[in-house]
Amino acid sequence: MNVLVTGCSGYVGAALVPRLAADGHAVRGFARSPERVAASGIALDELVVGDVTTGAGLDEALDGIDVAYYLIHSMEGAAAGAFAERERDSARVFAAAAAQAGVRRIVYLGGIVPADAPLSRHLGSRLAVEAALLDAVPEPIALRASIVIGARSRSFRFLVRLIERMPVMALPAWRGNRTAPIDGRDVTEYLARAATAPAELSRRSWDIGGPDVMTYADMISRIADSLMVRRRSISLDLTLTPVASVVAAAIAGEDPALISPLMESLEHDLLPRDDEAAGAFGVRLHPFAAAVERALRDWEGAEELAAR
């Protein structure tokens, strides 16, 4: 098929492109920066340079496309404070262009939302984007994931940097909340299979989690074990997210505009609603330990890890 991958220079997009090509699809990329696409090392059949926020380049990018992947997020940068509105508007622009172009399927990767709890800015934005895209074309598929474990995953890299650089880990009240982190390889597999999934799997969202459910404190401890470092922890009864996110971002060398919304999302359990997705899409899931070890090994292939 003719497939479009937006955000093709990002972690998820750059992993997906070669998999789609290996499956025999013609893969067109859409990105704002051809330099970033070149730096990612991916091989595309075609690249269209444009901007989804303005719609520039979308008509060309979507022309003749069967399946379009929407892998664009915009929490960083000068407009980060208004990212939710920007993401919703961008999704609507893309949805209208895809419908006009006659695209059959949009595949979107969003976030797992908490059950019966208020949505954070981050997850509320993801849900609004999902709603816009699910109404756009005949066979949309939305996948929802929690923390993705991979060498280029920003969430995973953030945790590793904190563990490396903090001899004592101050864990806020959300430390006991649970999630089901998923191997980046499994996310790629879900996305790739979504291109050719039967129509009966479309027009809905699917929660995709890993096979291991754990608290955030346990996840941090297990990553530390894989890094072969010992870290004392202090349990706090407060969340202190506005302050803690700025401090943690500085320690990890990350953008506070990205980290603050992500940390807000940790204040409730983020668990899949069910375990139907793996069977429906035929995906075999990697356990957490294997995911972390693979991610760290890939990371060390590009740069040294201080803790290892």
Side-chain angles (χ1 to χ4, degrees), residues 1-77 83 86-87 90-91 93-95 97-98 101 103-111 126 129-130 132-133 136-137 140-145 148 150-157 182-197 208 258 295 298 302:
M1 296 185 297
N2 295 319
V3 177
L4 175 71
V5 179
T6 66
C8 58
S9 64
Y11 161 56
V12 175
L16 177 62
V17 165
R19 172 56 200 278
L20 293 171
D23 286 348
H25 305 303
V27 184
R28 180 185 299 163
F30 180 77
R32 288 183 296 178
S33 170
E35 293 79 16
R36 287 189 62 184
V37 175
S40 71
I42 58 174
L44 295 161
D45 293 290
E46 182 184 1
L47 174 65
V48 175
V49 177
D51 188 341
V52 73
T53 62
T54 64
L58 278 182
D59 289 344
E60 179 185 356
L62 290 163
D63 183 41
I65 291 297
D66 301 300
V67 177
Y69 286 88
Y70 194 83
L71 304 175
I72 298 173
H73 304 308
S74 57
M75 287 192 292
E76 297 175 278
F83 75 86
R86 179 178 179 179
E87 289 201 330
S90 296
V93 169
F94 185 85
V103 173
R104 175 175 58 84
R105 176 169 294 176
I106 293 175
V107 180
Y108 172 61
L109 178 62
R126 294 292 183 264
V129 169
E130 177 186 296
L133 298 177
V137 296
I141 293 177
L143 302 173
R144 299 177 181 176
V148 179
R152 290 187 60 202
S153 165
R154 297 285 289 275
S155 299
F156 179 70
R157 291 179 71 89
I182 183 169
D183 192 317
R185 292 171 292 181
D186 298 338
V187 174
T188 300
E189 189 68 19
Y190 272 115
L191 288 168
R193 290 179 179 239
T196 55
I208 57 172
L258 172 72
D298 289 348

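We use all heavy atoms of the structure for the numbers below, so side chains are in, but hydrogens, waters and symmetry mates are not. As the structure is a prediction and not an experimental result, all values here were calculated from the model. For reference, positions follow the sequence shown, starting with 1.
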Would you give me the side-chain donor-acceptor pairs under 3.5 Å for residues 1-18, sequence neighbours excluded?
from : atom 1 : to  : atom 2 : distance (Å)
N2   : ND2    : G64 : O      : 3.2
T6   : OG1    : Y69 : O      : 2.7
T6   : OG1    : L71 : N      : 3.0

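- Considering only residues two or more places apart in sequence or on other chains, D183 meets the salt bridge (charged side-chain N to carboxylate O under 4.0 Å, His left out) condition with R185.
- When all heavy atoms of V148 and G184 are compared, the closest pair comes out as CG1-CA, 3.6 Å.
- S90 approaches V52 most closely through the heavy-atom pair O-CG2, 3.7 Å.
- Residue R152 places its CZ atom among more than 12 non-hydrogen atoms of other residues, nucleotides or ligands, all under 6.0 Å distant.
- Partners of E189 according to the side-chain contact (heavy atoms from CB on, under 4.5 Å) rule, which considers only residues two or more places apart in sequence or in another chain, are R19, R193, V283.
- Here the closest heavy-atom approach between residue V48 and residue G57 is recorded as CG1-O, 3.5 Å.
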Check: Going through the distances and angles, do Y108 and I141 end up as a side-chain contact (heavy atoms from CB on, under 4.5 Å)?
Finding: CA-CA 6 Å; Y108 172 61; I141 293 177; over 6 Å; no

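- Residue F30 comes nearest to D51 through the heavy atom pair CZ-N, 3.5 Å, listed as atom of the first residue, atom of the second, then distance.
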Next item on the list: Report the C-alpha separation of D66 and V103 in whole Å, then their side-chain angles, then the decisive distance to 0.1 Å, and conclude whether the side-chain contact (heavy atoms from CB on, under 4.5 Å) test is met.
Entry: CA-CA 5 Å; D66 301 300; V103 173; over 6 Å; no

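- Counting only distance, with no hydrogens or angles, the side chain of R104 and the backbone of A68 share no donor-acceptor pair below 3.5 Å.
- In this structure, the separation between CG on D45 and CZ on R28 is 9.5 Å, given to the nearest 0.5 Å.
- Contact between A98 and L62 at its shortest, heavy atoms only, is N-CD1, 3.5 Å.
- In this structure, the side chain of R86 does not engage the main chain of T53 through any donor-acceptor pair within 3.5 Å.
- Here the CD1-OH distance, from I106 to Y70, works out to 9.5 Å after rounding to the nearest 0.5 Å.
- Taking both residues in full, the closest heavy atoms of L109 and H73 are given as O-CE1, 3.7 Å, listed atom of the first, atom of the second, then distance.
- With hydrogens and angles ignored, the 3.5 Å screen pairs no side-chain donor or acceptor of D23 with any backbone N or O of H25.
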